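Everything on this sheet refers to the single structure shown next.
By convention here, the first residue in the shown sequence is residue 1. Every value quoted in this text rests on a predicted model; they were computed, and no experiment measured them.
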Amino acid sequence: MDNVDMVYTLLILSTLVVLYFLLLVAQRKQKKQIHYAVLSITISILIWNVAVLLYQTFDNVPWILSICERLYFLGTILISISILFTGLIFARTKIKFTWKHTLLFIVPVISIAVLLTNQSHHLFYTTFSLIPSEQNFGIYFTIHTIYSYLCIGIGLAYLIVFSIKNYGVFSKQSLLIFIGLMISLIIDAISTFKIFDWSTAIENIAFAVTISFFILATVKFDFLNVIPIALQTVVDLISDSYVVINEDFEIIDYNKAFVGGFAGAARKVGIMEIIKKNYSDSDFKKFMDVLDEAVHEQKKVSFEISRSVGKDLTYYMVEITPIYISGNHIGTIILKKDITEHKNNLKKVMQLNEKLQSLATRDWLTQSYNRYFFDERLQQEIDRVNRLQIYGQEPCKGANNFGLIMFDIDYFKIYNDNNGHLTGDELLQTIVTVVKEVLYPTDILCRYGGEEFAVICCQTSEEGIRIVAEKIRKAVENYDFMFQDKQPGGNLTVSVGAVCCSTNAKKDDLIKRADNNLYLAKSGGKNKVVF
């Protein structure tokens, strides 16, 4: 078999390979943009192969040769634009066609129009041949060639740049596609620029090799189902910062959000250097301690940090996850999530809970505790004293007693009748303010009802209760209230009843005893303490 027959045989085989790949892709039921882009490359190569094959087979039939000449160049025109869009779609996963994309078809459309009318002007070619040295091209062919190589170059650049951006190196899929396209590009350039005077059928065979790489990438590595750049695109859209570091704590990958919060971030730079540059010494130490803990204990560790942004604080949750394979530490993932909104919402919820708690336990007018809270807290104190008795202690001899003081404003009805209910409300508020000033922080002031108040003196001795009761009486007596001169005796006073609880008691009995003492104080002339 001579060289011509060998080339012809390889040309037939290459056409069958291209046809096989065309059927392989075409049979997919659910096709995406990447499928159609690769199909367009395959169809373009098939048109080109068929043109060369028919040209060699029917070399004595003029009308077939004439058609084959146009099909030959039609295939080359479509291949370049197909490679460009394959690269674009590979990088973007899916593109939305706009008028900008339409502009890319202007030169190919003009090329096709010039090709179909070539017989009248010979701008595309003057002499056609499968041997480069025998080919003569027109002026427009230069424009077509420049644009074609520009499209192929851009398509390959997208493939290279976005593969490296995503993986740091080529993925197996994109590496096979890149090698296959480069083989065809080199062979095509050798033929186009007439470096070697071989049959252009060699180009077709080279493109069949490219298709073979496509087949391998599709069948073995599922090229058309896995779009690697989609992952990077998604990761860059995530608002949370993430960075991957190797076992030497050098950065090997990160997303755009990480760059925004860590100035100077770059691959092969130590993570410690970046953290130290962007955070305080205390935060840096916390980072390093937690990182060391996560790596050595082989567990995920989280912690919270904050940074000042103007007058506000921004809160972050940092999660450090070491990566181990077969017991070997190969890297670590660091995630940093902005939780400021969550913290602010939590703060609002806590403030709302406090407000609800206040509404549930405070008297709306005086802001002292209400009757509900009084009943609950008094029972707790009784239970505490009873528990001490059960455990064998003697609370009556120490400060583990507690006292209940009840006081009532003397002649409050007269004050209301003379000055009005609004002034009476103001008096109640003032009484609470005056009494609070003489109470201990542990004493609990409650509005028992109307003008009557109660004080629970927690862990207070019998003598201490007597002193507090007298302080309350004197504080009111000595305060200069509005309109007090209109009161009986020319002064506004309170009557006080107090009891001490040091033994087993019931709540209702304790309240009744204190209330009886208050009644004795009022019936005994008012402005006095009965204990």
Side-chain angles (χ1 to χ4, degrees), residues 1-26 39-83 107-145 147-148 184-185 187-212:
M1 181 182 294
D2 57 19
N3 290 337
V4 175
D5 292 336
M6 183 177 294
V7 170
Y8 187 76
T9 302
L10 291 174
L11 184 60
I12 294 174
L13 291 175
S14 67
T15 304
L16 293 175
V17 169
V18 175
L19 185 60
Y20 167 75
F21 184 70
L22 179 66
L23 296 174
L24 184 68
V25 179
L39 273 175
S40 65
I41 294 178
T42 310
I43 292 171
S44 302
I45 295 174
L46 186 62
I47 292 172
W48 192 15
N49 272 30
V50 169
V52 174
L53 189 61
L54 292 176
Y55 196 91
Q56 288 189 337
T57 304
F58 301 98
D59 56 349
N60 293 321
V61 183
W63 68 272
I64 293 181
L65 295 180
S66 177
I67 293 174
C68 288
E69 290 176 12
R70 288 163 176 76
L71 288 177
Y72 177 92
F73 287 114
L74 179 63
T76 61
I77 292 170
L78 296 177
I79 285 174
S80 58
I81 194 70
S82 298
I83 291 175
V107 174
V109 169
I110 294 174
S111 297
I112 293 172
V114 172
L115 174 65
L116 295 177
T117 58
N118 187 69
Q119 291 296 330
S120 60
H121 48 67
H122 298 289
L123 293 176
F124 208 97
Y125 66 93
T126 54
T127 304
F128 179 81
S129 176
L130 296 179
I131 307 300
S133 61
E134 298 175 4
Q135 291 176 335
N136 291 308
F137 300 110
I139 297 173
Y140 183 80
F141 186 80
T142 303
I143 299 173
H144 156 72
T145 302
Y147 186 78
S148 296
S184 298
L185 182 61
I187 299 298
D188 182 71
I190 290 173
S191 178
T192 300
F193 298 107
K194 303 178 182 180
I195 298 174
F196 294 121
D197 198 29
W198 55 33
S199 172
T200 55
I202 301 297
E203 295 179 57
N204 300 88
I205 297 169
F207 271 98
V209 173
T210 297
I211 292 298
S212 299

When rounded to the nearest 0.5 Å, the distance separating OG1 of T127 from CZ of F137 is 9.5 Å
message = When you measure from the side chain of S148 to the backbone of H144, do you find a donor-acceptor pair of N or O atoms at a distance under 3.5 Å?
response = yes
dist L46:CG -> L19:CG (nearest 0.5 Å) comes out at 6.0 Å
Checklist entry - Taking H121 for the side chain and T117 for the main chain, is one N or O donor matched with an acceptor at less than 3.5 Å? => result yes
query = Is the backbone of L22 close enough, under 3.5 Å, to the side chain of T42 for a donor and an acceptor to pair up by distance?
reply = no
- Is any side-chain heavy atom of Y125 less than 4.5 Å from a side-chain heavy atom of E69? yes
Distance col, row L65:CG vs F58:CZ, nearest 0.5 angstrom, shows 10.0 Å
Close side-chain approach of Y140 and I110, heavy atoms under 4.5 Å: yes
CG (L71) and CD1 (I64) are apart, to the nearest 0.5 Å, by 11.0 Å
Practice problem: Would you please indicate if the ring centroids of F73 and F124 are separated by under 6.0 Å? | Solution: yes
In this structure, CD1 of I83 is separated from OG of S40 (nearest 0.5 Å) by 9.0 Å
How about L116: does its CG atom have over 12 heavy atoms from other parts shown lying under 6.0 Å from it? yes
Here the gap from T126 atom OG1 to N118 atom CG, rounded to the nearest 0.5 Å, amounts to 8.5 Å
Sorted by chain and number, sequence neighbours left out, ring-ring contact (aromatic ring centres under 6.0 Å, His included) with Y147 holds for none
Any side-chain heavy-atom pair from L74 and L78 closer than 4.5 angstrom?
yes
Note: A26 and L39 closest approach over all heavy atoms is N-CD2, 4.1 Å
